[in-house]
Amino acid sequence: MALRVYNSLSREHEAFEPLNPPYVGVYVCGPTVYGDAHIGHAKSYIAFDLVVRYLRFLGYKVRYVQNITDVGHLTDDADEGEDKIARRAALEQVHPLQLAETYARRYFEDMDRLNVLRPDISPRASGHIPEQIALTEQLLKTGHAYEVNGNVYFDVSSFPEYGKLSRRRIEEAESGTRVEIRGDKRHAADFALWKRAEPGHILQWDSPWGRGYPGWHIECSCMSQKYLGETFDIHGGGLENMFPHHEDEIAQSEAAYGHPFAKYWLHNNMVTVGGQKMGKSLGNFTTCRDAFTRYDPLVLRMVILQGHYRRPFDYTEESLAAGQTGYERLVGAVKAVRRAMDKAPAGEADDNVKRLAEETEKRFRAAMDDDFNSAGALAALFDLVGDANTLARDPKATRGSLERVDDLFRRLGGDVLGLVQDRYADDASGTRQVIDQLIGTMLDMRAQARKNKDFAMADRIRDQLTGMGIVLEDGPGGTTWRME
RNA sequence: GGCGCCGUAGCCAAAUUGGCUAAGGCAACGGAUUGCAAAUCCGUGAUUUGUGGGUUCGAGUCCCACCGGCGCCUCCA
C-alpha cells in the first residue's frame with residue numbers, strides 16, 4: 001500500500017510521487033497576524049502538521065514552508081480595501097510590524113501547545129519586498145500585468161488557464177452583478193500585484209511605480225519559489241482560499257516562470273459552529289487561548305483528528321467534553337504501560353504482542369495512506385488501548401512486550417498523530433520520589449486499616465487524597481495511584 | 001444565478017477508487033473485579049447508511065428526482 005492523496009487540482013485521489021525523492025517541498029498559506037488564532041486556524045494547521053509528520057514518518061525529507069502575512073492583506077476586494085495589519089495597528093496605536101510581531105509570537109505559542117511542529121521556514125511578506133517587486137516586473141515584462149497610477153494589476157485575460165483550480169470562468173465573474181469593475185482595473189477579475197501607498201500609510205517601499213506595498217497573493221508565489229523552487233510538491237491551505245487566493249497564486253507563478261506551480265493541492269475544510277462557518281468577519285469564533293482555558297490543547301487536537309481534514313468540523317462544547325474522556329483513556333494506557341515497564345521482568349516481547357503490534361501498525365498505516373485518514377488511524381490506536389491496559393496489569397508481562405507497545409504509542413500516537421508525549425509531567429519530576437514515598441506511607445496505613453476492616457479510616461485516607469487530585473486504584477497486586 | 005460539498009446507531013465520526021461480518025470515540029446497559037467505589041477488562045447495539053426510484057451478480061459508495069443543511073463566487077485557516 002502506498003500513499004494516496006486527494007488533489008484539489010484534479011479532484012481525484014492520486015498516488016503520491018514526489019518530484020525529487022526523497023525530498024518533498026510543502027508550502028502552506030500561513031496566517032495574517034492581526035489577531036489571535038481561533039479554532040479554524042487550529043484545524044488547518046493541525047491538518048498540515050499531520051501531513052508533514054506522516055511524510056517524515058514515511059522517510060521523506062520534508063522542507064515545510066509556511067508564510068506569515070504582515071503586509072498587503074486587504075480588508076476588501078483584492079484591490080480596494082485597506083491593509084488589515086495597517087488598519088488594526090492604527091487602531092491600537094502601534095507600529096504595524098509591532099502588531100504583526102506580537103500576534104506572530106502568540107500564534108506560534110498557540111501552535112506549540114497544540115503540538116503543531118514549527119515550519120522549517122516561516123518567511124515574512126515584509127521581508128521579501130524586493131522579490132515581490134521583481135516578480136511584478138517579470139509579469140509586466142511578459143505582458144501578464146499592467147500599471148495604472150502606481151498600481152499594478154495582473155491581467156487574467158492573459159492567462160487562459162485562469163480558473164482551473166476553482167473551476168471558475170472569467171466570464172462569470174464579469175457577468176455577475178456582485179463584482180463590478182472598480183478603480184483602475186481593466187477586468188473585474190484582475191487583481192493587484194502592487195498597490196500605491198496613500199499618504200499616511202506607514203508600511204511602504206520604493207518601487208519602479210512609486211511608493212507602495214505588495215498585494216496579498218504575490219507573497220506566496222515569491223516565497224514558495226524562493227525556498228522550494230518554481231515547481232514543488234504540495235501546496236496546502238484552507239478551502240475558503242481556493243478562490244481567489246490560490247487561483248491567483250497559480251496564475252502569477254505559472255505566467256511568470258512558465259512551469260507548473262504545485263503538483264498536489266490539499267485543501268482543508270472549515271470549522272463550523274452550529275453548522276455555520278467559523279470566521280473572523282462573522283464574529284462567531286473561539287480563540288485557541290480561550291478554548292485552552294477549558295480543555296487540554298491535545299484534547300482539541302484529538303477531536304480534530306477524529307474527523308477527516310477534508311470534512312468540516314463542528315465545534316461544540318459537547319464534542320470537546322466527549323474528547324476529554326477519550327483522550328484521558330488513551331494517555332492513561334500510555335502511562336500505565338510506562339509505569340509497568342519499570343518493574344517488568346526482563347525478557348523478549350511475547351509473540352502475541354509482536355503480532356498485535358504488527359497488526360496495529362498495518363491498520364494505522366493503511367488508514368494514513370488513504371489521504372491521511374487520521375480518524376481511521378486513531379481507531380487502530382484505540383484498539384490497542386484495551387490490550388495495553390491488560391498487559392500493564394499483568395505481572396508476568398515482560399519488559400520487551402511492554403516496550404513494544406510503548407514504541408507503538410510513541411511512533412504512531414506521538415511522532416505521527418502528535419497526541420502521545422515522550423514524557424508526562426508526573427512521570428519523573430524531581431519531587432516525584434518524595435511524593436512517591438509520602439503517598440506510599442498513606443497507602444500502607446490504608447492497607448492496614450482495610451486489613452482491620454476499619455473502612456471508615458480507609459475511606460478517609462482515600463477521600464483526602466482524592467481531594468488533592470490523587471486517585472487510588474485497588475487492584476489484585478495492591479493499590480496504585482495516579483494524578484488526576 | 002454559477003461552481004461545489006454534506007445528510008451513517010442517542011451524540012461525534014470512518015469506510016464514498018462499487019465487493020470480506022458498516023471502524024473508532026462519547027453516552028447507555030449487562031458481566032468480571034472491589035468491603036463499597038474508582039479505574040480497568042469483556043460483552044450488547046445500525047438487516048442497515050435523509051426519502052423514493054434506477055443501473056449492477058453485488059451500492060453507504062454510481063445515476064435521477066425530492067427533502068434537509070452548508071461552503072465558495074468580496075475579507076477570512
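Reminder, nothing fancy here: chain letters follow the sequence lines and each chain counts from 1.
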For [X], report the nucleic acid contact type (base, sugar-phosphate, nothing); a contact means any heavy atom under 4.0 Å.
| X | value |
| --- | --- |
| A/Glu318 | nothing |
| A/Leu472 | base |
| A/Val271 | base |

Looking only at atom [atom1], what distance separates [N] and [M], rounded to whole Å?
| N | M | atom1 | answer |
| --- | --- | --- | --- |
| B/U40 | B/G25 | P | 12 Å |
| B/A9 | B/U48 | P | 12 Å |
| B/U51 | B/G60 | C1' | 15 Å |
| B/A39 | B/A32 | C1' | 14 Å |
| B/G31 | B/G45 | C1' | 16 Å |
| B/C63 | B/G71 | P | 24 Å |
| B/G52 | B/G7 | C1' | 16 Å |
| B/C73 | B/C11 | P | 32 Å |

Using the test ring-ring contact (aromatic ring centres under 6.0 Å, His included), find all partners of [X] that sit at least two apart in sequence or belong to another chain.
| X | result |
| --- | --- |
| A/Tyr6 | A/His13 |
| A/His128 | A/Tyr227 |
| A/Tyr34 | none |

Applying side chain to side chain contact (heavy atoms under 4.5 Å, CB included) to A/Arg53 and not counting sequence neighbours gives A/Asp49, A/Asn115, A/Leu117, A/Arg301
Residues passing the side chain to side chain contact (heavy atoms under 4.5 Å, CB included) test with A/Ala380, sequence neighbours excluded, are A/Arg363, A/Phe364
Problem set entry | Axial cation check for A/Tyr424 ring with A/Lys335, 6.0 Å and 45° limits | yes
Separation of [X] atom [atom1] from [N] atom [atom2], in whole Å?
| X | N | atom1 | atom2 | answer |
| --- | --- | --- | --- | --- |
| A/Asp370 | B/A23 | CG | P | 17 Å |
| A/Arg393 | B/U40 | CZ | C1' | 4 Å |
| A/Glu247 | B/C73 | CD | P | 13 Å |
| A/Trp265 | B/G4 | CH2 | P | 19 Å |
| A/Leu3 | B/U17 | CG | P | 17 Å |
| A/Arg168 | B/G4 | CZ | C1' | 9 Å |
| A/Phe372 | B/A15 | CZ | C1' | 18 Å |
| A/Tyr34 | B/A77 | OH | C1' | 11 Å |

Between A/Asn284 (side chain) and A/Lys277 (backbone), is there a donor-acceptor pair under 3.5 Å? yes
What residues 273-289 of chain A contributes to the RNA chain B interface at heavy-atom separation below 4.0 Å is A/Gly275, A/Gln276, A/Lys277, A/Met278, A/Gly279, A/Lys280, A/Ser281
Given protein heavy atoms under 4.0 Å, the one-letter contact record of nucleotides 25-35 of chain B, with B base, S sugar-phosphate only and - none, is simply SSS-------B
Hits for side chain to side chain donor-acceptor pair (under 3.5 Å) against A/Ser126, two or more places apart or cross-chain, chain-then-number order -> A/Asp70
Side chain to side chain donor-acceptor pair (under 3.5 Å) filter on A/Ser401, not counting sequence neighbours, yields A/Thr398
[N]: pairing nucleotide in any strand, Watson-Crick or G-U under 3.5 angstrom:
| N | result |
| --- | --- |
| B/C3 | B/G71 |
| B/A28 | B/U44 |
| B/C20 | none |
| B/C66 | B/G50 |

Hey, what's the ring geometry for A/Phe191 with A/Tyr162, parallel, tilted or perpendicular (30° and 60° as the breaks)? parallel
Fill in: Presence of A/Asn389 side-chain N/O under 4.0 Å of B/A39 phosphate oxygens OP1/OP2
no
So do A/Arg87 and A/Lys84 actually touch side chain to side chain, heavy atoms under 4.5 Å? no
Residue pair A/Asn241/A/Asp387 against RNA chain B: nearer the 5' end by closest nucleotide is A/Asp387
Sorted by position of nearest nucleotide on RNA chain B, 5' first, the leading residue of A/Glu473 and A/His38 is A/Glu473
